[in-house]
Amino acid sequence: MSKFPHLRQDFLASIVVFLVAVPLCVGVAVASGVPAELGLVTGIVGGIVTGLLPGSSLQVSGPAAGLTVLVFQAVTEFGVATLGVIVLLAGLLQLAMGFLGIGRWFRAISVSVVEGMLCGIGLVIIAGQIYAAAGLKAPESGLGKIAGLPGAFIDVFGSTEALASLAIGAGTIAVIVLWKKVPKAVRTVPGALAAVVLATVVTLAFGLPVATVRVEGLLGVVQPPGAEAFGELASPAIWGTIIAFALIASAESLFSAAAVDRLHNGPRTEYNKEMVAQGAGNTLCGLLGALPMTAVIVRSSANVSAGARTKASRVLHGVWLLLFAAAMPWALALIPIPALAGILVHAGWKLIPFRQIRALWGAHKGEALILVITAVSIVAVNMFEGVLIGLALSVVKTAWDASHVKLDIIDKGAGPIQVYLSGNATFLRLPKILDSLESLPQDRPVELDLSGLHHLDHACRTALESWAARHSTAGTEPVKVTQGEPAVSPAQEVTPA
């Protein structure tokens with residue numbers, strides 16, 4: 001035990017992650033238009049292979065909902081047999097990016113964007129899994145899931161089976177929430193594990209009509225891509241799909257890594273190594289003809305909250321997937337799907353950063369708005385594009401904050417009007433600057449002093465030159481512009497215009 005001081009915590013956490021991974025693997029595969037077993041194959045590779053590699057110690061990989069639409073489109077256009085080739089080459093591209101050191105650039109992610117990503121994913125998970133808990137089919141889009149909830153609850157109260165299913169899901173959540181109140185000795189068993197065991201026992205004891213996990217064997221679905229599939233590489237269209245797979249899978253994995261690092265105090269992610277680990281996993285998934293793999297924030301957060309300390313938990317979760325899916329699929333058939341949905345609803349709720357939103361709103365309202373807009377964008381569109389929207393807003397806000405400029409106008413009543421600009425003049429402040437300059441009388445000479453500017457971008461320079469050229473009326477001296485060498489960095493504090 002001295003070599004593995006955290007084996008107990010990692011062992012118990014691995015079971016919780018396994019229970020969370022099962023519905024994700026199966027659900028993502030079905031939504032992607034491929035056999036459910038292929039999702040489990042990807043989960044096994046993500047756990048055992050990627051889990052053993054260096055990068056992020058507590059992040060867990062597997063098939064991700066964020067790639068569902070892309071995979072479905074690829075399968076529709078090129079066929080399931082070609083999916084392996086696409087995933088294989090996407091994995092090789094990820095390996096190249098990792099070895100070239102591109103992964104480290106993903107460290108430059110705004111905290112508000114990461115928190116917004118967690119919030120948006122949490123909302124989508126909660127909304128979608130409420131349908132699963134009730135045994136209903138969920139709408140495809142995030143907005144559709146949320147908008148359809150009132151109608152779903154009406155349907156539930158009209159069906160005894162749906163009520164029984166929802167009761168199992170709600171009971172699972174209740175056990176997880178109340179588990180912290182049980183004696184400390186009992187709490188050595190994770191609440192999620194206890195909840196699933198109790199839900200399974202209740203379902204079997206009372207013969208409740210609820211759906212359970214259904215998986216056949218794995219051997220029949222593993223089909224390495226053949227020569228015909230590689231022949232599809234002659235089509236230019238497939239290369240766009242390969243690049244999209246590689247970029248989106250990498251972005252989701254490394255965005256997830258940044259989020260997971262905020263959930264624990266252990267070793268930080270080594271981004272380039274994590275990119276290599278993801279690439280190795282996807283390369284193997286491609287050779288097996290399985291789904292593409294990314295790091296999955298739901299599994300990862302469940303892993304952290306269940307008390308995992310090392311990568312052993314994610315490797316063991318892959319072992320459990322392999323053991324149960326390949327050797328004992330009948331054991332999975334005992335687990336009620338609404339109980340697994342309850343685990344995911346609880347995991348989604350914990351992803352919503354209520355305290356961070358309140359703290360940001362009190363100190364940095366702009367950052368709070370970026371967090372909220374990122375979350376709403378993820379719900380309305382998807383994770384990848386939602387994060388891009390958040391990053392774009394973060395860049396714009398940073399540029400706005402950095403573009404402080406001070407404009408002083410000195411008019412002594414006679415002689416030229418003196419205008420002094422200092423600070424950073426960028427296009428973001430241009431409307432305010434021009435409003436002030438265009439309000440000056442055109443029959444008076446003007447001296448425009450730009451020597452106090454630390455930075456003057458091309459847009460501002462062009463606009464100021466244009467204003468100076470057209471400002472003076474006939475008979476009035478042209479605007480005199482004084483320019484100095486810009487300083488290396490701002491040396492004084494300036495206020496917004």
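Counting begins at 1 with the first residue of the sequence. This structure is a prediction, so every number in the text was calculated from the model and none was measured.
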In terms of heavy-atom contacts, does [atom1] of [X] have more than 12 from other residues, nucleotides or ligands at under 6.0 Å?
X: His364; atom1: NE2; answer: no
X: Lys137; atom1: NZ; answer: no
X: Lys397; atom1: NZ; answer: yes

How far does [atom1] of [X] sit from [atom2] of [Y], to the nearest 0.5 angstrom?
X: Asn303; Y: Ser14; atom1: CG; atom2: OG; answer: 8.5 Å
X: Met293; Y: Ile44; atom1: CE; atom2: CD1; answer: 13.0 Å
X: Ile125; Y: Ile130; atom1: CD1; atom2: CD1; answer: 12.0 Å
X: Cys119; Y: Ile357; atom1: SG; atom2: CD1; answer: 4.5 Å
X: Arg358; Y: Arg355; atom1: CZ; atom2: CZ; answer: 7.5 Å
X: Leu323; Y: Leu316; atom1: CG; atom2: CG; answer: 11.5 Å

[Y] and [X], any side-chain heavy atoms less than 4.5 Å apart:
X: Ile126; Y: Ile352; value: yes
X: Thr374; Y: Ile389; value: no
X: Ile242; Y: Phe245; value: no
X: Leu287; Y: Pro224; value: no
X: His264; Y: Asp261; value: yes
X: Val17; Y: Trp320; value: no

Do the side chain of [X] and the main chain of [Y] share a donor and acceptor less than 3.5 angstrom apart?
X: Thr42; Y: Ala290; answer: no
X: Thr50; Y: Gly47; answer: no
X: Tyr131; Y: Lys145; answer: yes
X: Ser394; Y: Gly390; answer: no
X: Asp10; Y: Arg309; answer: yes
X: Thr212; Y: Ile335; answer: no
X: Ser253; Y: Ala249; answer: yes

Could you tell me which non-hydrogen atom of [X] sits nearest to which non-hydrogen atom of [Y], and how far apart they are?
X: Thr200; Y: Leu334; answer: CG2-O, 3.3 Å
X: Val210; Y: Pro338; answer: CB-CG, 4.2 Å
X: Ala13; Y: Gly307; answer: CB-C, 4.5 Å
X: Gly281; Y: Val45; answer: O-CG1, 3.6 Å
X: Ser300; Y: Val260; answer: CB-CG2, 3.5 Å
X: Ile378; Y: Gly120; answer: CG2-C, 3.9 Å

Inset, instruction - Please state whether the rings of Trp349 and Phe354 are parallel, tilted or perpendicular, taking 30° and 60° as the class boundaries. - result: tilted
Legend entry - Pair Leu254-Met275, side-chain contact (heavy atoms from CB on, under 4.5 Å): steps then yes or no: CA-CA 8 Å; Leu254 298 182; Met275 179 81 87; 3.8 Å; yes
Going by atom type alone, with no hydrogens or angles, which donor-acceptor pairs under 3.5 Å involve a side-chain atom of residues 80-102 and a protein atom two or more places apart or on another chain?
unit_1: Thr82; atom_1: OG1; unit_2: Phe78; atom_2: O; d: 3.0
unit_1: Gln94; atom_1: OE1; unit_2: Asn282; atom_2: ND2; d: 2.7
unit_1: Gln94; atom_1: NE2; unit_2: Ser250; atom_2: OG; d: 3.0

Legend entry - Verdict with supporting geometry, Ile176 and Trp179, side-chain contact (heavy atoms from CB on, under 4.5 Å): CA-CA 5 Å; Ile176 295 173; Trp179 196 248; 5.7 Å; no
Please list every donor-acceptor pair under 3.5 Å in which a side-chain atom of residues 51-62 meets a protein atom from a residue at least two apart or in another chain.
unit_1: Ser56; atom_1: OG; unit_2: Thr269; atom_2: OG1; d: 3.3
unit_1: Gln59; atom_1: OE1; unit_2: Ser256; atom_2: OG; d: 3.0
unit_1: Gln59; atom_1: OE1; unit_2: Ala257; atom_2: N; d: 2.8
unit_1: Gln59; atom_1: NE2; unit_2: Glu274; atom_2: OE2; d: 2.9
unit_1: Ser61; atom_1: OG; unit_2: Gln278; atom_2: NE2; d: 2.9

